[in-house]
Each structure stands twice: as structure tokens, then as C-alpha cells.
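Written below as C-alpha cells is the structure these notes are about.
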Amino acid sequence: MSFQMRDGVLHVEGVPLPVIADAAGTPAYVYAATALHDAARSFVDALAPIARKQLLYAVKANPHPAILPTLAGFGFGADIVSGGELQAAQAGGIAPADIVYSGLGKTREEMGAVLDAGIGRFNIEHAREGEVLSALACARGMRATALLRVNPLVDAQTHAKISTALTDSKFGIPYPEAIGMYHRLAALPGLNLQGLAVHIGSQITDLSPLQAAYRRAGTLVAALRTDGHCITHADLGGGLGVSYRAGAPGADVAACGAMVARETEGWDVTLLFEPGRFLVAQAGVLLTRVLWVKPGQPHPFVIVDAAMNDLARPALYDAWHEFIAVRPRDREHFAAHVVGPVCESGDSFAHPRAIDRVEEGDLAVLATAGAYGAAMASTYNARALVSELWVDGDRFDVGSDRMPAALARPQRVPRWMAVSGQRAAVGR
Ligand SMILES: *Cc1c(COP(=O)(O)O)cnc(C)c1O
């Protein structure tokens, strides 16, 4: 319980949020180290029944450099999807053998850099990628260890934009074509193909789609063995969901561990897991201040200083984040919109809903914002890049500075378009 009301004030561990707002300003992501530990421990415990496994943190959920070393302490390596994430994983001290390179659009340069770094494993998404990877490995006198990503064609029953195994998904090789593709790639001289990978989507709370996907993967493992392939690894992806909304439970991680143990019994492989959201979502909130309360019919607009550029999930996925006053005024709720200052109607965190009654100047948090929050932040509307802080017990420290847009993204004016030139044009 890292985020709790104490004496009428919301605390992160031992630190009252107003103290953080005074020290660091708003908006700011505030992360609780203990919550990260708790999530990692519950994941590790849930998978205790599985003897041969490799745990990988999906870096894209939150690439903050404090996270990887912390999770490494619980046995996690890194699942990366870009050259930038390779650098983040290396900077985080993750050994090459504990890194898996996933992703649909790897460039030749990135694949080369990853091979040169001695990365443990590639998850291949399509035939050409496999062929090019094989050639790049051969040119280096090596073989790339790889898994073939299969699209098991299972609806993850989550938001369409984070479903990855529908018939029209861009990811993986469709289940009916998987065996043929496996034969083809396994024959390439530069690949050491060791098995399959599946990942059907994100924010999955009902385990049955995962179970269906794993069952299909199991069928393929057996079929490929019958065909004479040596299958030693299966990557079961990430996707476990968390509770964003009071009354809407997250995935039951212990039940998931038990289900995986049941479904994979007899596979005789090392299982890989790539959780992202599950590990970090509940470890962070977005701290914000109410700028104005603007009357509206029938509901007022609570205008906060956080916006869609800081937390994109509501605008992107209609995602729900609880809006909680840091110092609730009373037990009363009122129905209001919660919106940011960005000049788009989509910059809204809550369509009218019952929230804590807040007034101008009050602090509040958007809860459960540790995953796909800061990771997606931008400087849209020339707003500063949002800052991050870490809390551990009674201490806190800055994890990233608020960065003015002009510094976060220095842009240059071509010499012939410089200001003096413009003035000249206007004067003509
Ligand atoms: C995004 C992603 C993950 C992590 O997903 P979560 O829902 O955050 O657990 C894991 N594996 C792959 C291939 C991904 O694209």
C-alpha cells in the first residue's frame, strides 16, 4: 500500500504529496519504489511453480533507468523493441544474455548493433526479417538465436489499439501459416531457431484469451517436434492487466501462474515472460494541480495542469485513471469533467464523472499511471516534458527534470529562413 490517505492527506509511502508538489512543481510523475518491488515479487511468486523460465521486463512500459536495475534484483532481464531500448537496457546493467529483441520494424542497423552486442535472442516477426537477420549473422560468422512470433488469432478482449492477435494484426505469423514459416526459417544458416513467441495484447484481465493462445502455442510446439525441430524455448509474452478503476479487478497473477503451469505441462521448454504494465502501472501516479474550475452545463470543467501530452492513455485508448484529491475537502463528490489545457477536445481525463470535490489550486493525482505514462509523454503545445520523482520510504528524489519544450527537442531554423530574412519578406 504505497499510496494512502494519512491524516487527510494522500501520501506516497512516507511522503505527503504536497511536499513533493512544493519541491518539484506539477505536473509530475511520482513513483513508489516499494510498489515496484511488490509487483515484481507477486509476479515472481506467481511463477514459482515453473522451473525453467526467463523473466524479461518490457522496457517500453516505462524506460526510467531506475527500474531496470531494480527489477534485475528480482531476476528480470529486458524485452526491447528498438536500438534506444537496447541502450537503456545496457545502461541498466542488463547482460546481453538477458535481453530479448522484439518488435515489428527492426532496422538492419538495429539488428546489426544487437548482434554486435551479443544479445541473447531475437523474436522474428516475418520471413524477410528472418532472412536478413540470418545474412547479418552469417556476415559476422555467428548464428542469431531466435524465436518465431506467431499470431495465435485470439481476441484478447481488450482495447482494439492494444490487441495484437486479431486476424488483421500486423504482428507475428498467423497461426495457420506458422509451421510452414518455421520450416523455412529453421533452414537458414545464420539462425538458431529455438521455438515460438506469442503476445496477444495488453491490459488483459480475463485469463481465458491467454489460455487459448498458450494452448495454440502448445499445439505448435508438439507439431514442430513431430516434424523433427528441436524446440527448447517458448515466449508467452506480456499483457497482464491491472485494476485502473475501483470495482474493476486486475488480472489475478497467482491464478495466471497456475494456469500457465497447467497449460505448459509437458512442453519441456524454458518459458519466457515479458510483463510490462503489470510491473510498473501501480507504482506511479501523475500529480497535478487544479488550475481553474470552469462552470459548464450541465457539469463543470476541472482544468488541471496535466494534459494529454503528459498522459496520453485517456486520449489514445479511452483509458480510465481515477482522479483523487490529495487533500479531500469532505466526503462529498461532484460530477465534473477533468480536462487538460491542450487545445484538443480529446485532452480529457474524465468525461463527466463523480470525483472528489476540488477547487482552484487543489492538488490531485491521476492514479495508476506508472505504465505507458511518462513513456509516451511529449511536448505537444510546446508544453514542458513532464518531470518524474521517486519515493522510497521517507525520502524522495528527482528522477527526471521538467524539460522546456525547446530543450527537450532543440529545433533549428534553416539559415535562409532565419528571422531577419522573414522580416525582410514582410517589409517587401
Ligand atoms: C508491449 C509488449 C509487451 C508488454 O506488454 P504489457 O501489456 O505491458 O505487459 C510484451 N511483449 C511484447 C512483444 C510487447 O509488444
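- Counting only N and O atoms by type, the side chains of Asp401 and Ser387 include no donor and acceptor under 3.5 Å apart.
- Atom CD1 of Ile355 is separated from atom NE2 of His337 by 10.5 Å, given to the nearest 0.5 angstrom.
- Heavy atoms from other residues, nucleotides or ligands lying under 6.0 Å from CG of Asp7 number 12 at most.
- For the pair Arg216 and Tyr175, the cation-pi test (distance below 6.0 Å, angle within 45°) is passed.
- Here the side chains of His64 and Tyr29 are not in contact, with every heavy-atom distance at 4.5 Å or above.
- Contact record, Ala306 with Pro341: O-CD, 3.5 Å, taken as the closest heavy-atom pair.
- Relative orientation of the Tyr182 and His229 rings is perpendicular, given thresholds of 30° and 60° on the angle between their planes.
- A donor and an acceptor atom, one from each side chain of Glu322 and Trp320, are located under 3.5 Å apart.
- Under a cut-off of 6.0 angstrom, the local environment of CZ in Arg108 is sparse, with at most 12 non-hydrogen atoms contributed by other residues, nucleotides or ligands.
- Salt bridge status for Asp362 with Arg289: absent, with no side-chain N to carboxylate O gap under 4.0 Å.
- With values rounded to the nearest 0.5 angstrom, Asn192 atom CG is found 4.5 Å from Thr145 atom OG1.
- Between His321 and Phe349, the gap from one ring centroid to the other reaches at least 6.0 Å.
- The side-chain heavy atoms of Val221 and Leu196, taken from C-beta on, include a pair separated by under 4.5 Å.
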Side chain to side chain donor-acceptor pair (under 3.5 Å) between Gln194 and His233: does it pass, once the steps are laid out?
CA-CA 6 Å; Gln194 296 187 327; His233 290 73; 3.3 Å; yes
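- Side chains of Ile50 and Phe273 form a contact here, defined as non-hydrogen atoms less than 4.5 Å apart.
- Checking side-chain atoms of Ser400 against main-chain N and O of Glu388 turns up a donor-acceptor pair under 3.5 Å.
- With hydrogens and angles disregarded, no donor-acceptor distance shorter than 3.5 Å links the side chain of Arg277 to the backbone of Gln282.
- Residues Asn309 and Ser378 have side chains that never bring a donor and an acceptor to within less than 3.5 angstrom of each other.
- Between Phe3 and Ala283, the shortest heavy-atom distance links the atoms CZ-O, 3.6 Å.
- Under the 6.0 Å cut-off for aromatic ring centres, Phe74 and His37 qualify, their centroids lying closer than that.
- Contact between Gly8 and Pro328 at its shortest, heavy atoms only, is O-CD, 3.6 Å.
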Let me see the working for Phe122 and Tyr101 under ring-ring contact (aromatic ring centres under 6.0 Å, His included), right down to the final yes or no.
CA-CA 5 Å; Phe122 287 77; Tyr101 189 18; 5.7 Å; yes
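- Side-chain contact between Glu274 and Val100: present, with at least one pair of heavy atoms (C-beta onward) separated by less than 4.5 Å.
- Other residues, nucleotides and ligands contribute over 12 non-hydrogen atoms within 6.0 Å of the CD atom of Gln157.
- Of all heavy-atom pairs spanning Thr379 and Ala408, the tightest one is CG2-CB, 3.9 Å.
- The salt bridge (Lys or Arg N to Asp or Glu O under 4.0 Å) test with Lys106 is passed by exactly one of Glu85, Glu129, Glu125: Glu129.
- At a threshold of 4.5 Å between non-hydrogen side-chain atoms, the residues Ile200 and Pro209 count as touching.
- Although no hydrogens or angles enter the test, the distance criterion places a donor-acceptor pair under 3.5 Å between the side chain of Asp356 and the main chain of Ala325.
- Cation-pi geometry between Arg313 and Tyr244 is met: under 6.0 angstrom from the ring centre, within 45 degrees of the axis.
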Do Arg143 and Leu191 pass the side-chain contact (heavy atoms from CB on, under 4.5 Å) test, and can you show the C-alpha distance, the side-chain angles, and the key distance before you say yes or no?
CA-CA 5 Å; Arg143 287 172 84 202; Leu191 295 189; over 6 Å; no
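- The backbone N or O of Thr107 lies less than 3.5 Å from a partner atom in the side chain of Glu110, making a donor-acceptor pair.
- Salt bridge present: Asp310 and Arg383 bring a charged side-chain N and a carboxylate O closer than 4.0 Å.
- A distance-only check finds no donor-acceptor pair linking the side chain of Ser134 to the backbone of Gly130 [under 3.5 Å].
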Determine whether Val198 and Asp235 satisfy the following criterion, side-chain contact (heavy atoms from CB on, under 4.5 Å), listing intermediate values before the conclusion.
CA-CA 6 Å; Val198 291; Asp235 186 336; over 6 Å; no
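- A salt bridge links Arg329 with Glu359: the closest approach of a Lys/Arg side-chain nitrogen to an acidic carboxylate oxygen falls below 4.0 angstrom.
- Heavy atoms of other residues, nucleotides or ligands lying less than 6.0 angstrom from CZ of Arg395 number 12 at most.
- Counting only N and O atoms by type, the side chains of Asp79 and Ser102 include a donor and acceptor under 3.5 Å apart.
- For the 3.5 Å distance criterion, the side chains of Gln203 and Tyr317 fail to qualify, holding no donor opposite an acceptor.
- Contact check for Phe323 versus Val302: side-chain heavy atoms found under the 4.5 Å cut-off.
- By the 6.0 Å contact criterion, CZ on Arg353 is enclosed, its count of non-hydrogen atoms from other residues, nucleotides or ligands being greater than 12.
- Here the side chains of Pro152 and Tyr214 are not in contact, with every heavy-atom distance at 4.5 Å or above.
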Starting from the C-alpha separation in whole Å, work towards a yes-or-no answer on side-chain contact (heavy atoms from CB on, under 4.5 Å) for Leu71 and Leu36.
CA-CA 8 Å; Leu71 292 178; Leu36 181 60; 4.0 Å; yes
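- Smallest separation of non-hydrogen atoms from Gly238 and His199: N-ND1, 3.0 Å.
- Between Trp390 and Tyr31, the two ring planes are tilted [angle within 30° to 60°].
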Please assess Val253 against Phe43 for the test side-chain contact (heavy atoms from CB on, under 4.5 Å), listing each intermediate value before the final yes or no.
CA-CA 7 Å; Val253 66; Phe43 195 88; 4.0 Å; yes
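- Once rounded to the nearest 0.5 Å, the distance linking OG1 of Thr232 with CH2 of Trp267 reads 13.0 Å.
- In this structure, Cys256 and Leu240 have side chains that are in contact, with non-hydrogen atoms separated by less than 4.5 Å.
- With rounding to the nearest 0.5 Å, the separation of CG in Leu193 from CD1 in Ile231 is 7.0 Å.
- Between the side chains of Thr34 and Glu13, at least one donor N or O sits under 3.5 Å from an acceptor N or O.
- The main-chain N or O of Leu56 is never found under 3.5 Å from a side-chain atom of Asp98 such that the two would form a donor-acceptor pair.
- Remark: Thr26 OG1 to Asp305 CG distance equals 3.5 Å, nearest 0.5 Å.
- Smallest separation of non-hydrogen atoms from Leu207 and Met259: O-CE, 4.0 Å.
- Here CD1 of Ile162 is found 9.5 Å from OG1 of Thr164. Values are rounded to the nearest 0.5 Å.
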